[in-house]
K.L.:
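A single structure is presented below for examination.
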Amino acid sequence: MIKKWLLSNLIGVIITVFVLISTFGSIYTLANKDRITTRPMNVQLRTGPGIQYQSAATLKKGTNLLIMEKVRGWYKVRRTDNEKIGWVASWVAEAKTLRVATPISEATIVLDPGHGGDPDKRYDGLPGDNGSSSADGKHFEKTYTLSTARAIRDKLQQTGARVFMTRDSDVIIPLLHIPRLTEKYQADAQISIHFDHDGDENNATSATGISQYYYHNNGKQLTEALHQSLNQLPLPNRGSDTAKYVVLDQVTRPATLLELGYINNPSDFKHIRTAVYQKEIANAVTAGLQSYFKQTMERK
């Protein structure tokens, strides 16, 4: 009888302890699910959800924050040490590999690899598009815009920047979807990647070099910054100009389109097809964006 009583009470105690642990665990989780601790140095506490807003403070590594609101990847937070309220870029504040945040770290960048998909197939009702081809007709623009955009993405992510690709496989994206994605995330830069072509299809050209284009005035400074850094490439820089392309015209955010060599010029194509050249482009674009965002911050 005593053994049964002891066993019954022991079971009751175990159940009670389990319930208490579960309850306190739930309370702890609820209390901490909207808390973050900054990982890198120099996270900016801004007055609004974007790099266009003023910085109210520079946070040290290990600053504790309470999340009050979430907008497009930005967190409205309250500091636990002095109750100040502001906004931080979530991908920067919680970055595990970034040691020190810089102006480009807070940037949201959309990369648009031009063309894509098999012309004999349809993607959501839209036929694929190879883009331009090499002089022998065996290589297509869509292949190199994608591999180049991937190289740029990988390099940019090392800076802590948030990067979106309009496509990351061999598919076609409706042109209007590109500026819509940029608007959705209120991106700080939209960069379309292309390779030029001159003359008849499958014929070689003597035209050579790279070019940069923008349409709205807010894309001019971005394009100029990239123009300067792209001068380091082995192909001549033909300069920058305005062009009313859909991806530049139908977006309100800073946008540029890069033509990074003539795919039907055999000499240019020797560069275009190599990983070395694509990495050179990635380094140049990243350097240009670092300069652009640094200048943007300094003008505030």
K.L.:
If we ignore hydrogens and angles and just use 3.5 Å, is the side chain of His216 paired with the main-chain N or O of Asp249 as donor and acceptor?
P.N.:
yes
K.L.:
What is the distance from atom NZ of Lys184 to atom CZ of Arg253, rounded to the nearest 0.5 Å?
P.N.:
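Those atoms lie 15.0 Å apart.
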K.L.:
If we count only N and O atoms by modelled type, under 3.5 Å, do the side chains of Thr145 and Arg167 hold a donor and an acceptor together?
P.N.:
yes
K.L.:
Can you find a heavy atom in the side chain of Val110 that is under 4.5 Å from one in the side chain of Tyr185?
P.N.:
no
K.L.:
To check you understand the geometry: which heavy-atom pair defines the closest contact between Val88 and Ala93, and what is its length?
P.N.:
CG2-CB, 4.1 Å
K.L.:
Out of curiosity, Leu111 CG to Leu156 CG, how far, rounded to the nearest 0.5 Å?
P.N.:
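With rounding to 0.5 Å, CG (Leu111) is 6.0 Å from CG (Leu156).
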K.L.:
Are Leu222 and Tyr214 connected in the hydrophobic side-chain network, where two residues link if heavy atoms are under 4.5 Å apart?
P.N.:
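Leu222 does not cluster with Tyr214.
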K.L.:
Nearest heavy-atom pair of Pro179 and Gln190: which atoms, and what distance?
P.N.:
CA-OE1, 3.7 Å
K.L.:
Counting only heavy atoms not in Asn82 (residues, nucleotides, ligands), do more than 12 fall under 6.0 Å from its CG?
P.N.:
yes
K.L.:
Please examine the side chains of Asp170 and Leu146, heavy atoms only from C-beta on, and report whether any two atoms are closer than 4.5 Å.
P.N.:
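In short, these two side chains do not touch, never coming nearer than 4.5 Å.
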K.L.:
Looking at NE2 of His194 and CG of Asp112, how far apart are the two atoms once the value is rounded to the nearest 0.5 Å?
P.N.:
5.5 Å
K.L.:
What's the verdict on side chain to side chain contact (heavy atoms under 4.5 Å, CB included) for Ser133 and Asn202, showing C-alpha distance, side-chain angles and the deciding distance?
P.N.:
CA-CA 7 Å; Ser133 61; Asn202 298 342; 3.1 Å; yes
K.L.:
Does Arg99 CZ have over 12 foreign heavy atoms under 6.0 Å away?
P.N.:
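No, because the 6.0 Å sphere around CZ of Arg99 holds 12 heavy atoms or fewer from other groups.
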K.L.:
Looking only at side-chain N and O atoms, does Gln44 offer a donor or acceptor that is under 3.5 Å from a partner on Ser55?
P.N.:
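A pair is found: one side chain offers a donor N or O, the other an acceptor, under 3.5 Å apart.
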K.L.:
Do the non-hydrogen side-chain atoms of Ile193 and Leu260 ever get within less than 4.5 Å of each other?
P.N.:
yes
K.L.:
Run the side chain to side chain contact (heavy atoms under 4.5 Å, CB included) test on Thr38 and Asn64 for me, step by step, so that the C-alpha distance in whole Å, both residues' side-chain angles and the decisive distance to 0.1 Å come before the verdict.
P.N.:
CA-CA 7 Å; Thr38 57; Asn64 294 314; over 6 Å; no
K.L.:
In Å and rounded to the nearest 0.5 Å, what is the NZ to CG distance from Lys270 to Asn265?
P.N.:
10.0 Å
K.L.:
What's the shortest heavy-atom distance between Arg238 and Ala207, and which atoms?
P.N.:
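Smallest heavy-atom distance, with atoms named: NH1-CB, 4.5 Å.
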K.L.:
Look at the side-chain heavy atoms of Ile, Leu, Val, Met, Phe, Trp and Tyr, link any pair under 4.5 Å apart, and say whether Leu65 and Val43 land in one connected group.
P.N.:
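In one cluster: yes.
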K.L.:
Take Phe164 and Thr108, measure what side chain to side chain contact (heavy atoms under 4.5 Å, CB included) needs, and give me the verdict at the end.
P.N.:
CA-CA 8 Å; Phe164 293 100; Thr108 297; 3.7 Å; yes
K.L.:
Where is the tightest heavy-atom contact between Val285 and Ser229, given as atom of each residue plus distance?
P.N.:
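In terms of heavy atoms, the two residues are closest at N-OG, 4.5 Å.
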K.L.:
Would you say that Leu258 contacts Thr256 through its side chain, given a criterion of any heavy-atom pair below 4.5 Å between the two side chains?
P.N.:
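Heavy-atom side-chain distance check passes, below 4.5 Å.
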K.L.:
Using the six-membered ring wherever Trp is involved, compare the ring planes of Trp74 and Trp91 and label them parallel, tilted or perpendicular (cut-offs 30° and 60°).
P.N.:
perpendicular
K.L.:
Could you identify which residues cluster with Tyr123, counting Ile, Leu, Val, Met, Phe, Trp and Tyr as linked when any side-chain heavy atoms lie under 4.5 Å apart, either directly or through a chain of such contacts?
P.N.:
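Leu126, Val171, Ile172, Ile173, Leu175, Leu176, Ile178, Tyr213, Tyr215, Tyr245, Val246, Val247, Leu248, Leu257, listed by chain and number.
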K.L.:
Is there a path of hydrophobic side-chain contacts, each under 4.5 Å between heavy atoms of I/L/V/M/F/W/Y residues, joining Met165 to Ile191?
P.N.:
yes
K.L.:
Any link between Phe140 and Ile263 through a network of hydrophobic side chains (Ile, Leu, Val, Met, Phe, Trp, Tyr) touching at under 4.5 Å?
P.N.:
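Result: no, two separate clusters.
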K.L.:
Indicate, with yes or no, if Ile67 and Val71 share a hydrophobic cluster defined by side-chain heavy-atom contacts under 4.5 Å among Ile, Leu, Val, Met, Phe, Trp and Tyr.
P.N.:
yes
K.L.:
Do you know the tightest heavy-atom contact between Leu235 and Gly261?
P.N.:
CD1-CA, 3.9 Å
K.L.:
Answer yes if the ring centres of His197 and Tyr262 are under 6.0 angstrom apart, and no otherwise.
P.N.:
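Not close enough - the centres of the two rings lie 6.0 Å or further apart.
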K.L.:
Flag the pair Lys142 and Asp129 as a salt bridge only when some basic side-chain nitrogen lies within less than 4.0 angstrom of an acidic carboxylate oxygen.
P.N.:
no
K.L.:
Would you call Tyr75 and Glu94 a side-chain contact if the rule is heavy atoms closer than 4.5 Å?
P.N.:
yes
K.L.:
With side-chain hydrogen bond (donor to acceptor under 3.5 Å, both in side chains) as the criterion, how do Thr58 and Asn42 come out once you've worked through the C-alpha distance, each side chain's angles and the decisive distance to 0.1 Å?
P.N.:
CA-CA 5 Å; Thr58 298; Asn42 294 349; 5.7 Å; no
K.L.:
Find out whether Arg153 and Arg150 are in side-chain contact, i.e. whether some heavy atom of one side chain is under 4.5 Å from a heavy atom of the other.
P.N.:
yes
K.L.:
Taking the side chain as every heavy atom from C-beta outward, state whether Gln158 and Thr286 have any atom pair closer than 4.5 Å.
P.N.:
no
K.L.:
Please tell me whether Phe269 and Tyr144 form a close aromatic pair, meaning their ring centres lie under 6.0 Å apart.
P.N.:
yes
K.L.:
Got a second to check how far Thr159's OG1 is from Leu98's CG, nearest 0.5 Å?
P.N.:
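Rounded to the nearest 0.5 Å, the OG1-CG separation comes out at 8.0 Å.
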K.L.:
Please round to the nearest 0.5 Å and tell me the distance separating atom CG of Asn237 and atom CD of Gln228.
P.N.:
8.5 Å
K.L.:
Is Arg78 salt-bridged to Glu83, cutoff N-O under 4.0 Å?
P.N.:
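Counted as a salt bridge, because a side-chain N and a carboxylate O are separated by less than 4.0 Å.
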K.L.:
Does the side chain of Ile109 reach to within under 4.5 Å of the side chain of Leu289, using non-hydrogen atoms?
P.N.:
yes
K.L.:
Please say whether more than 12 non-hydrogen atoms of neighbouring residues, nucleotides or ligands are located less than 6.0 Å from CG in Asp81.
P.N.:
yes
K.L.:
Any chance the side chains of Thr252 and Glu183 put a donor and an acceptor closer than 3.5 Å?
P.N.:
yes
K.L.:
Answer yes or no: is there an ion pair linking Glu106 with Arg46, defined by an N-O contact shorter than 4.0 Å?
P.N.:
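Salt bridge flag = yes for Arg46 with Glu106.
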K.L.:
What heavy-atom pair brings Gln278 and Ile272 nearest, and what distance separates the two atoms?
P.N.:
NE2-O, 3.1 Å
K.L.:
Can you tell me if Ser291 uses its side chain to pair, donor with acceptor, with the backbone of Gly288 under 3.5 Å?
P.N.:
no
K.L.:
Evaluate Leu233 against Ile281 for side chain to side chain contact (heavy atoms under 4.5 Å, CB included), listing each step before the verdict.
P.N.:
CA-CA 7 Å; Leu233 294 181; Ile281 292 171; 4.0 Å; yes
